[in-house]
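Here's the structure, in structure tokens; my notes come after.
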Amino acid sequence: MPGKVPQVDLGNGYSIPGLGYGTYLAKEGQGEDLVKQAIDAGYRHIDTAFLYENEVEVGKAIRAKIAEGVVKREDLFVTTKLWNTYHYPDNVAEAFQRSFDMLDIGYIDLYLMHSPMGLQFQGYEFGDMNPKDSEGNALFSDVDYVDTWKAMEKLVATGKVRSIGLSNFNSEQINRIMKEAEIKPVNNQIEVNPGWNQKKLIEFCRSLNITVTAFGPMGRPHRTTYGNKTALGDAKVIEIGQKYGKTDGQVILRYLVQLGTIPIPYSTNAERIKQNFDVFDFSLTEAEMLYMDTFQSERTLPFPPLKKHKYYPFNSEF
């Protein structure tokens, strides 16, 4: 039996399971079945977003598993996100309601601002979520993410969402939010993997009692360039796994758990979905953690079209 997934305290009376199933890339016709598989495998934390265009399928899977008696709604923790084109405060409540209605699961556990970078509003349908001008340049909005946050705070009073947080924010941007916030963010979802371990940002968030969700936990091994080294498939990582009866992927996820993050791996492979969940019955030694620290890669999701945005988060050290 897989080891029990610990609950991570959010500091506001709620907690989040210490590992989740990510649904980025789980597109139409696939998302519902994958989420059902994940719930059957034991996952109780499901991560989605308006951007992924699969909230309807995620909601269907959850309702089906509740109807089957596999889970109760209160057993599950569901995260979704406010997309960049909805940063204007007047758009936040309607954008949230769209996600709320598409999921149709009674309430949302955690609602994140997908990034600090606003884009021009394009209406509430999926349409073009990355609007561009005739030259192909991204159409930025000048809305301050602090104003967006204040609009998100109002959602909590509706009872439709329990907690709110951030995604892809750097330490300076988090500080700005903390100074202005009436409701403090409980989570920052960022890319974390052995080649991009974000230790400084994780420690910074910990100092503010902000939990960290780790997306892209395996990195993107197929995109490695000269000088990069990926942990997946590394002979030493495979050897560490064999010591514990685990795969290299399980070693990577265990590393991220011990770094103090909540990984949200995505897989379409039924066996790997189960394996990714089974990382709580062993621990890496200090020496093994230090080896996992040695991988050097690049950020796999640097938002290149948005590099000129005034709130681009990745120019800071952390």
Side-chain angles (χ1 to χ4, degrees), residues 16-39 41 43-62 76-86 95 98-99 102-103 105 108-117 119 126-130 165-169 187-196 198 211-223 230 232 249 252-253 256 261-270 272-273 275-277 297-306 313-314:
I16 180 172
L19 184 139
Y21 181 70
T23 65
Y24 176 60
L25 300 177
K27 292 299 184 189
E28 190 178 347
Q30 189 181 36
E32 184 178 350
D33 183 55
L34 289 171
V35 172
K36 285 178 178 176
Q37 285 184 50
I39 291 172
Y43 292 79
R44 297 296 178 260
H45 168 189
I46 309 294
D47 182 273
T48 183
F50 182 83
L51 175 69
Y52 307 163
E53 298 186 32
N54 60 16
E55 288 168 310
V56 168
E57 294 203 30
V58 169
K60 276 185 187 171
I62 288 169
L76 297 171
F77 190 101
V78 180
T79 300
T80 192
K81 307 177 192 80
L82 177 79
W83 182 237
N84 299 344
T85 51
Y86 304 128
R98 296 276 169 142
S99 289
M102 284 192 285
L103 282 163
I105 50 174
I108 289 167
D109 294 275
L110 179 60
Y111 195 50
L112 305 178
M113 196 186 319
H114 209 136
S115 92
M117 301 172 285
L119 296 172
F126 288 124
D128 189 353
M129 286 190 261
N130 291 289
L166 308 168
S167 183
N168 298 300
F169 274 62
N187 183 267
N188 186 28
Q189 184 174 132
I190 55 174
E191 178 178 350
V192 190
N193 49 61
W196 194 259
Q198 301 250 49
T211 59
V212 172
T213 300
F215 75 76
M218 304 296 174
R220 294 187 188 178
H222 59 282
R223 285 184 53 183
T230 177
L232 205 58
I252 289 168
L253 292 172
L256 297 180
T261 74
I262 300 160
I264 48 168
Y266 166 73
S267 179
T268 59
N269 178 289
R272 204 159 295 122
I273 287 171
Q275 287 174 356
N276 287 345
F277 184 72
S297 188
E298 298 168 353
R299 192 186 294 278
T300 70
L301 198 67
F303 304 125
L306 305 182
F314 303 145

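Contact between Phe169 and Met113 at its shortest, heavy atoms only, is CZ-SD, 3.7 Å. Closest approach of Pro217 and Pro194 over heavy atoms only: O-CD, 3.6 Å. Taking each heavy atom of Val192 and Val212 in turn, the nearest pair found is CG2-CG1, 4.5 Å. Here the shortest heavy-atom pairing between Trp196 and Arg299 reads CZ2-NH2, 3.4 Å.
Looking at residues two or more places apart in sequence or on another chain, you find no side chain to side chain donor-acceptor pair (under 3.5 Å) involving Gln275. By the side chain to side chain donor-acceptor pair (under 3.5 Å) test, Tyr266 pairs with no residue at all, sequence neighbours left out. Applying the ring pair (Phe, Tyr, Trp, His ring centres under 6.0 Å) test to Phe126 and every residue at least two apart in sequence or in another chain returns Phe50. In terms of the ring pair (Phe, Tyr, Trp, His ring centres under 6.0 Å) criterion, residue partners of Tyr111 (sequence neighbours excluded) are, by chain and number, Phe96. Applying the salt bridge (charged side-chain N to carboxylate O under 4.0 Å, His left out) criterion to Lys60, with sequence neighbours excluded, gives no partner residue. The ring pair (Phe, Tyr, Trp, His ring centres under 6.0 Å) search around Tyr43 returns Tyr21, Phe277, not counting sequence neighbours.
Within 6.0 Å of CZ in Arg98 there are more than 12 heavy atoms belonging to other residues, nucleotides or ligands.
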- [ ] Kindly indicate, with the supporting measurements, whether the criterion side-chain contact (heavy atoms from CB on, under 4.5 Å) is fulfilled by Asn130 and Leu306.
- [x] CA-CA 10 Å; Asn130 291 289; Leu306 305 182; 5.6 Å; no
Task: Evaluation steps, side-chain contact (heavy atoms from CB on, under 4.5 Å), between Ile62 and Leu76 - done: CA-CA 9 Å; Ile62 288 169; Leu76 297 171; 3.6 Å; yes
- [ ] Take Leu232 and Ile252, measure what side-chain contact (heavy atoms from CB on, under 4.5 Å) needs, and give me the verdict at the end.
- [x] CA-CA 8 Å; Leu232 205 58; Ile252 289 168; 3.7 Å; yes
TODO: Take Ser267 and Asn276 through the test side-chain contact (heavy atoms from CB on, under 4.5 Å) and record every step on the way to the result.
DONE: CA-CA 9 Å; Ser267 179; Asn276 287 345; 4.1 Å; yes
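A distance-only check finds no donor-acceptor pair linking the side chain of Asn54 to the backbone of Glu57 [under 3.5 Å]. Panel note: side chain His45, backbone Pro17; a donor-acceptor pair is recorded below 3.5 Å.
Using modelled atom types and a 3.5 Å distance limit, the side chains of Asn193 and Glu191 yield a donor-acceptor pair. No hydrogens or angles considered: nothing links the side chains of Glu55 and Thr48 as a donor-acceptor pair under 3.5 Å. Between Asn188 and Ser167, the side chains place no donor N or O within less than 3.5 Å of an acceptor N or O (distance only, hydrogens not considered).
Each of Ile105, Ile46, Leu34 was scored for a side-chain contact (heavy atoms from CB on, under 4.5 Å) with Val58, with one residue passing: Ile46. Shown are Thr79, Thr80, Asp47; of these, the side-chain contact (heavy atoms from CB on, under 4.5 Å) with Leu110 is made only by Thr79.
Between Leu166 and Gln189, every side-chain heavy-atom pair lies at or beyond the 4.5 Å cut-off. Looking only at side-chain heavy atoms (C-beta outward), Thr211 and Ile262 come within less than 4.5 Å of each other. Thr261 is not listed as a side-chain neighbour of Thr213, based on a closest heavy-atom distance of 4.5 Å or more. Side-chain contact check for Leu253 versus Pro265: some heavy-atom pair is nearer than 4.5 Å.
At least one cation-pi condition fails for Arg44 and Phe77: the charged atom is not both under 6.0 angstrom from the six-membered ring centre and inside a 45 degree cone around its axis.
The aromatic rings of Tyr24 and Tyr52 sit tilted, their planes meeting at an angle between 30° and 60°.
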